[in-house]
Asker: 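My questions will all concern the structure given below.
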Amino acid sequence: NLIRPDATISWLNRQSMIKWSQKEGYSYEIFSGKVKTKLAEKYNDVHSHMENGLCIVWSKEEGHKIGFVNAKGKEVIPCIYDAAMSFSNQYAAVAKEIDGKKSWGFIDKKGKEIVPCIYKEVKDFSTDGLAAICINDEQTKDDLWGFVNTKGEIVIPATFNNTDGFSEGMARVYNKKERASGYINTKGELVIPYMYDMASYFSEGIAWVAKDDKYFTIDQNNETIFKLKKGYEPEGDFHDGLAIVSEEGYGKNPYIETTK
């Protein structure tokens with residue numbers, strides 16, 4: 001069912017624990033209960049919010065290396081990285097630059113490198129304990145994706161041309177030869193064949209897919225749940241049985257699609 005909202009939809013973001021202002025240059029303050037710590041004196045830049053109790057900071061030294069501070073403003077992971085993503089499911093992707101190229105890996109909240117910085121690209125660890133990693137095939141020159149566990153072990157070989165990573169035990173994977181996407185399980189088995197022009201994460205057991213310019217939803221058995229009305233396209237995953245869709249074209253006039 002399509003539900004037209006009575007008021008403008010606003011996106012809800014995580015509540016930031018970082019306050020910044022631009023009166024005399026940028027000033028950053030971090031809040032945690034009654035604790036307020038100024039960071040501007042020490043860091044060149046500070047990320048706008050925390051994840052898993054840690055926040056990305058950029059050093060003032062030449063090169064502006066990246067590290068992490070905790071909710072009290074204490075630097076718990078030193079500024080030694082050239083790029084980083086926020087912590088997700090207790091781990092953060094970090095990169096070191098060698099000969100002008102970034103190599104990615106993962107660290108835990110103590111700063112221990114659990115996945116070495118050797119990959120061309122990575123995507124966050126999922127709740128399934130798997131993270132997507134990308135290597136460049138020396139023969140074909142193609143970028144290929146596989147998955148590592150929290151021990152840094154490759155548990156699903158890098159054979160896929162693209163992926164979004166795991167969600168609810170399923171990961172979308174793309175096959176360039178088939179020019180289509182399907183889904184694998186955490187064992188790397190192709191459980192939904194390469195057949196879709198577009199496919200999204202699974203959320204609440206539902207994924208958006210598209211074929212022949214038609215959008216619809218499927219369950220993890222590849223059974224169609226419902227088809228989206230012509231002229232609309234999905235704008236996000238399902239949460240509490242609802243997903244945002246919009247009229248095709250510029251994301252205008254948001255609607256809500258229920259699963260009921």
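All heavy atoms count here, side chains included; hydrogens, waters and symmetry mates do not.
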Asker: What is the ring orientation for Phe216 with Tyr196, classed by angle as parallel under 30°, tilted 30 to 60°, or perpendicular over 60°?
Answerer: perpendicular

Asker: Decide whether Asp164 and Tyr174 meet the rule of one side-chain donor and one side-chain acceptor closer than 3.5 Å.
Answerer: no

Asker: With a cut-off of under 6.0 Å to the ring centre and 45° to the axis, is Lys123 in cation-pi contact with Trp145?
Answerer: yes

Asker: Indicate yes or no for a side-chain donor-acceptor contact from Asp108 to the backbone of Lys110 under 3.5 Å, with no hydrogens or angles considered.
Answerer: yes

Asker: Please report the closest heavy-atom contact between Ser86 and Asp124, naming both atoms and the distance.
Answerer: O-OD1, 4.3 Å

Asker: Kindly give the heavy-atom pair with the smallest separation between Gly236 and Ala243, and that separation in Å.
Answerer: O-CB, 3.7 Å

Asker: Without swapping roles, check the side chain of Asn149 against the backbone of Lys151 for a donor-acceptor pair under 3.5 Å.
Answerer: yes

Asker: Can you say whether the rings of Trp208 and Phe238 are parallel (under 30°), tilted (30 to 60°) or perpendicular (over 60°)?
Answerer: parallel

Asker: State the SG-CD1 distance between Cys55 and Ile77, to the nearest 0.5 angstrom.
Answerer: 11.5 Å

Asker: Once you round to the nearest 0.5 Å, how far does NZ of Lys42 lie from NZ of Lys60?
Answerer: 11.5 Å

Asker: How far apart are the closest heavy atoms of Gly205 and Glu168, and which atoms are they?
Answerer: N-OE1, 2.8 Å

Asker: With a 4.5 Å cut-off on side-chain heavy-atom distances among I, L, V, M, F, W and Y, is there a chain of contacts connecting Ile118 to Val115?
Answerer: yes

Asker: Between Ser181 (side chain only) and Met198 (backbone N and O only), is there a donor and an acceptor less than 3.5 Å apart?
Answerer: no

Asker: Main chain of Phe125, side chain of Asn89: is a donor-acceptor contact present, judged purely on distance under 3.5 Å?
Answerer: yes

Asker: At what distance, to the nearest 0.5 angstrom, does CG of Asn161 lie from NZ of Lys177?
Answerer: 11.5 Å

Asker: With sequence neighbours excluded, what pairs up with Phe160 under the ring pair (Phe, Tyr, Trp, His ring centres under 6.0 Å) test?
Answerer: none

Asker: Is it the case that the side chain of Glu204 and the backbone of Asp240 share a donor-acceptor pair, with hydrogens and angles ignored and the cut-off at 3.5 Å?
Answerer: yes

Asker: Which one of His64, Lys65, Lys102 satisfies the side-chain hydrogen bond (donor to acceptor under 3.5 Å, both in side chains) criterion with Asp82?
Answerer: Lys65

Asker: Using ring centroids (six-membered ring only for Trp), state whether Phe106 and Tyr91 fall under 6.0 Å.
Answerer: no

Asker: Any salt bridge between Glu113 and Lys96, counting N to O under 4.0 Å?
Answerer: yes

Asker: If you draw a 6.0 Å radius around CD in Glu189, do more than 12 non-hydrogen atoms from other residues or ligands fall strictly inside?
Answerer: yes

Asker: Do Phe166 and Tyr201 make the cut of ring centroids closer than 6.0 angstrom?
Answerer: no

Asker: For the residue pair Asp197 and Asp212, what are the closest heavy atoms and their distance?
Answerer: OD2-N, 2.9 Å

Asker: Once salt bridge (charged side-chain N to carboxylate O under 4.0 Å, His left out) is applied, do any residues pair with Lys109, and if so which ones, sequence neighbours excluded?
Answerer: none

Asker: Between CD1 of Ile133 and CD1 of Ile154, what distance do you get to the nearest 0.5 Å?
Answerer: 5.0 Å

Asker: Using a strict threshold of under 4.0 Å (side-chain N to carboxylate O), is an ion pair present between Lys120 and Asp143?
Answerer: yes

Asker: Please check: side-chain N/O of Thr217 versus main-chain N/O of Phe226, any donor-acceptor pairing under 3.5 Å?
Answerer: yes

Asker: Taking atom CD of Glu138 as the centre, report whether more than 12 heavy atoms of other residues, nucleotides or ligands fall under 6.0 Å from it.
Answerer: no

Asker: Looking at every heavy atom in both Val209 and Tyr183, which two are closest together, and how far apart are they?
Answerer: CG1-OH, 4.0 Å

Asker: Would Ile107 and Trp104 show up in the same hydrophobic cluster when neighbours are defined by side-chain heavy atoms closer than 4.5 Å?
Answerer: no

Asker: Which heavy atom in Met85 sits nearest to a heavy atom in Phe68, and how many Å separate them?
Answerer: O-CZ, 3.7 Å

